[in-house]
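Nothing fancy with the numbering, it's 1 onward along the sequence.
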Amino acid sequence: MSDPEKLAGVEASAISILKRAVELDNSRRFDESMTCYQEGVGLLMQVLKNVTDAPKKQRYREKIQEYLARAEELKQHVKEEKEASKQHEQKRIEPNSTGFSYESLFGRYLTKFVTSVQVEDPYIRSHHQIQNFLRFCELVVRKKCPVKTIYLTTGQDEDMSSKQQQHTKLSAIGTSLSKFGIQLKVDYSDTLHDREIRLDTGWVIKIGRGLDIYKNCDKFAIGFCDLDLRPCHETTVDIFHRKSIKNPSLKS
């Protein structure tokens, strides 16, 4: 491809397609984005063969590697999402059993593709329940998800003093999360009954007791800090992908 005008046209097409790939990526249209990355990289490689300037050639190589790596990530993610429609994980937690920290239960679903989290739990009210929510937020931070917003919908006690304490503690968690670039948005509902966590990757985690699955524990007893060692209340955890609700057996 020695024609400079033709080469310039291919380069312009590559830039346009790759720009579109990034836009689709940011819009979470990963399947379309992956196709654009691959098409754009193909054009960019044609241009690379005709570039003689060494620094420019190196910049193109770096960009090609960057886009190819992202396309491969998206390819794997799209494949996993398609497989997710066939999955439904259910865990029965027996009374006093251990080994069920939030990390153990659903930490693997907090991936680099999760950008927002919705928590619906009517009982993030008392001190220990708010601490459980804080532990959940810590897990999100520790997993280094690119989460920008955590939405919490919960209930309130009628007592004004309890309401104020709840608001103060949740506000403190919000202030702390903001230091990690995460915004906490809290809504209160008097009619909320469901207890579930929804990730914008499509995964839904339904816990019979919500986040309040742990029994009381003495401050100096094993299990106070490490939730994998904390005895649990009896409950059931269902984890499934929203695509799986097409399966009638999961609609109940």
Side-chain angles (χ1 to χ4, degrees), residues 91-107 109-110 114 116-143 145 147-200 203-239:
K91 296 181 181 180
R92 177 74 176 177
I93 300 178
E94 300 296 335
N96 297 310
S97 59
T98 58
F100 296 104
S101 66
Y102 299 143
E103 168 77 52
S104 301
L105 285 171
F106 49 77
Y109 297 99
L110 293 168
V114 180
S116 73
V117 178
Q118 293 180 301
V119 179
E120 290 189 355
D121 189 329
Y123 294 102
I124 307 295
R125 307 183 188 190
S126 65
H127 181 72
H128 80 277
Q129 291 166 345
I130 295 172
Q131 281 188 320
N132 284 336
F133 177 67
L134 173 59
R135 292 185 180 105
F136 170 78
C137 293
E138 288 176 333
L139 176 61
V140 172
V141 172
R142 189 167 71 251
K143 297 295 286 187
C145 308
V147 170
K148 298 301 180 186
T149 312
I150 296 176
Y151 300 90
L152 170 65
T153 304
T154 189
Q156 286 187 308
D157 292 326
E158 293 184 2
D159 179 71
M160 187 58 67
S161 176
S162 297
K163 285 183 180 180
Q164 184 58 48
Q165 289 182 38
Q166 178 190 29
H167 177 73
T168 299
K169 291 171 183 177
L170 289 175
S171 294
I173 292 175
T175 299
S176 185
L177 281 171
S178 67
K179 297 175 183 177
F180 295 89
I182 301 174
Q183 183 180 14
L184 175 62
K185 294 187 176 181
V186 182
D187 286 320
Y188 297 102
S189 171
D190 296 328
T191 58
L192 181 66
H193 297 289
D194 290 341
R195 296 169 173 86
E196 64 182 36
I197 299 165
R198 296 192 296 273
L199 311 179
D200 65 348
W203 288 103
V204 180
I205 300 133
K206 295 181 73 73
I207 308 175
R209 292 184 58 93
L211 292 175
D212 193 7
I213 66 174
Y214 305 108
K215 291 194 170 183
N216 290 333
C217 183
D218 186 270
K219 291 182 179 180
F220 298 100
I222 297 299
F224 181 76
C225 295
D226 189 340
L227 293 182
D228 270 318
L229 301 174
R230 178 83 68 92
C232 293
H233 293 288
E234 180 179 7
T235 193
T236 301
V237 181
D238 284 284
I239 303 175

(request) Please check if the side chain of D157 supplies one atom and the backbone of D159 the other of a donor-acceptor pair under 3.5 Å. (result) no

(message) Holding to salt bridge (Lys or Arg N to Asp or Glu O under 4.0 Å), I want the full list of residues that pass it with K169, two or more places apart in sequence or in another chain.
(response) none

(message) Using modelled atom types and a 3.5 Å cut-off, is there a donor and acceptor pairing between side-chain atoms of T154 and backbone atoms of D121?
(response) yes

(message) Please check: side-chain N/O of N96 versus main-chain N/O of P231, any donor-acceptor pairing under 3.5 Å?
(response) no

(message) Main chain of F100, side chain of S104: is a donor-acceptor contact present, judged purely on distance under 3.5 Å?
(response) no

(request) Can you establish whether the number of heavy atoms outside Y123 located under 6.0 Å from its atom OH is more than 12? (result) no

(request) Report yes or no: do H128 and S126 form a side-chain donor-acceptor pair below 3.5 Å? (result) yes

(request) Calculate, to the nearest 0.5 Å, the distance between atoms CZ and CG belonging to F224 and N216 respectively. (result) 10.0 Å

(request) Considering only NZ, NE, NH1 and NH2 on the basic side and carboxylate oxygens on the acidic side, decide whether R209 and E234 come within less than 4.0 Å. (result) no

(request) Keeping the roles fixed (side chain from R92, backbone from T236), state whether a donor-acceptor pair exists under 3.5 Å. (result) no

(request) If the plane angle is over 60° it's perpendicular, under 30° parallel, otherwise tilted; pick one for Y109 and W203. (result) tilted

(message) When you compare the side chains of Q166 and S162, does any donor N or O come within less than 3.5 Å of an acceptor on the partner?
(response) no

(request) Of all the heavy-atom pairs spanning R230 and K215, show the shortest one and how long it is. (result) NH1-O, 3.1 Å

